[in-house]
K.L.:
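Please find one structure pasted underneath; my questions will follow.
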Amino acid sequence: MTNTLVIAGLIGGFTGVIAHLLRNGKVLVFPKIRKRPKGVYLGFLADFLIGSAASIFAVSYLIPEPEVLRTLIGVSILAGMTAENVLLKRELSIEQAKIEGLDRINQRMN
C-alpha cells in the first residue's frame, strides 16, 4: 500500500506541475520569500503538493483496488487535475472580487 501511495503522490504532483506550467506560460515559478504580504510563496511546489495530496486522498478513499496500475494512474491524474481546477476557481473568484471593487470605486468617482 505504501508504494501505491508514493506512486499516486508522484503522479498527482507531476500533474500539478504540468498545470502550473500551462497556467504560467511554460515557466516554473520558483519559491521565494515575499515582503508584502509577508510570507513564503511556494511557486510550483504548491501545485506539486496539492496535486499529490489530492491524488493520495483519492487513491486511499475512492478506489477499492488501487493495485491495478491503470486505475491508479487514471485516478491520480484526475485527482491532480481536479485540485488544480479548485485552485483556479478560487483565483478567479478573488480576481472577480477585485474587479467588482474597482468598478465600485470608479462609480463613486464619476
K.L.:
Answer yes if L49 and L28 sit in the same cluster of Ile, Leu, Val, Met, Phe, Trp and Tyr residues linked by side chain heavy atoms under 4.5 Å apart, and no otherwise.
P.N.:
yes
K.L.:
Looking at I73 and I11, what are the two nearest heavy atoms and their distance?
P.N.:
CG1-CD1, 3.6 Å
K.L.:
Does any N or O in the side chain of S52 come within less than 3.5 Å of the main-chain N or O of G9, such that one atom is a donor and the other an acceptor?
P.N.:
yes
K.L.:
Atom CD of Q96 and atom CD of E100: how far apart are they, to the nearest 0.5 Å?
P.N.:
4.5 Å
K.L.:
Just by modelled atom types, is the F57 backbone N or O under 3.5 Å from a matching donor or acceptor in the S60 side chain?
P.N.:
no
K.L.:
Is the F48-F44 ring centre distance short of 6.0 angstrom?
P.N.:
no
K.L.:
Check the hydrophobic clustering (I, L, V, M, F, W, Y; side-chain heavy atoms under 4.5 Å; chains of links allowed) and say if M81 and V86 are grouped together.
P.N.:
no
K.L.:
Can you tell if the side chain of V68 reaches within under 4.5 Å of the side chain of L72, non-hydrogen atoms only?
P.N.:
no
K.L.:
Please round to the nearest 0.5 Å and tell me the distance separating atom CD1 of I50 and atom OG of S55.
P.N.:
12.0 Å
K.L.:
Please report the C-alpha distance between L21 and V27 in whole Å, then the side-chain angles of each, then the deciding distance to 0.1 Å, and finally whether the side-chain contact (heavy atoms from CB on, under 4.5 Å) criterion is met.
P.N.:
CA-CA 6 Å; L21 288 171; V27 175; 5.8 Å; no
K.L.:
Can you tell me if CD1 on I33 sees more than 12 non-hydrogen neighbours from other groups inside 6.0 Å?
P.N.:
no
K.L.:
How would you list all residue pairs meeting side chain to side chain donor-acceptor pair (under 3.5 Å) that involve residues 69-89, not counting sequence neighbours?
P.N.:
R23-E84
K.L.:
When rounded to the nearest 0.5 angstrom, what distance separates CG in D47 from CG in N24?
P.N.:
7.5 Å
K.L.:
Can you name the nearest heavy-atom pair linking A58 to V75, along with the distance?
P.N.:
CB-CG1, 3.8 Å
K.L.:
Using the rule that Ile, Leu, Val, Met, Phe, Trp and Tyr join whenever any side-chain heavy atoms are under 4.5 Å apart, tell me whether I63 and Y61 fall into a single cluster.
P.N.:
no
K.L.:
What heavy-atom pair brings V29 and H20 nearest, and what distance separates the two atoms?
P.N.:
N-NE2, 3.1 Å
K.L.:
Considering only heavy atoms from C-beta outward, does the side chain of L42 approach that of V40 to under 4.5 Å?
P.N.:
yes
K.L.:
Under 4.5 Å between side-chain heavy atoms, counting indirect links through other Ile/Leu/Val/Met/Phe/Trp/Tyr residues: same cluster for F14 and L10 or not?
P.N.:
no
K.L.:
Roughly how far, to the nearest 0.5 Å, is CD of E95 from CD1 of I99?
P.N.:
6.5 Å
K.L.:
Under the side-chain contact (heavy atoms from CB on, under 4.5 Å) rule, what do I7 and V59 come out as? Steps first, then yes or no, please.
P.N.:
CA-CA 10 Å; I7 291 170; V59 167; over 6 Å; no
K.L.:
Out of curiosity, M109 CE to I105 CD1, how far, rounded to the nearest 0.5 Å?
P.N.:
8.5 Å
K.L.:
CZ of R90 to CG of L88: how many Å apart, nearest 0.5 Å?
P.N.:
11.5 Å
K.L.:
Side-chain heavy atoms under 4.5 angstrom apart, residues restricted to Ile, Leu, Val, Met, Phe, Trp, Tyr: same cluster for L69 and L78?
P.N.:
no
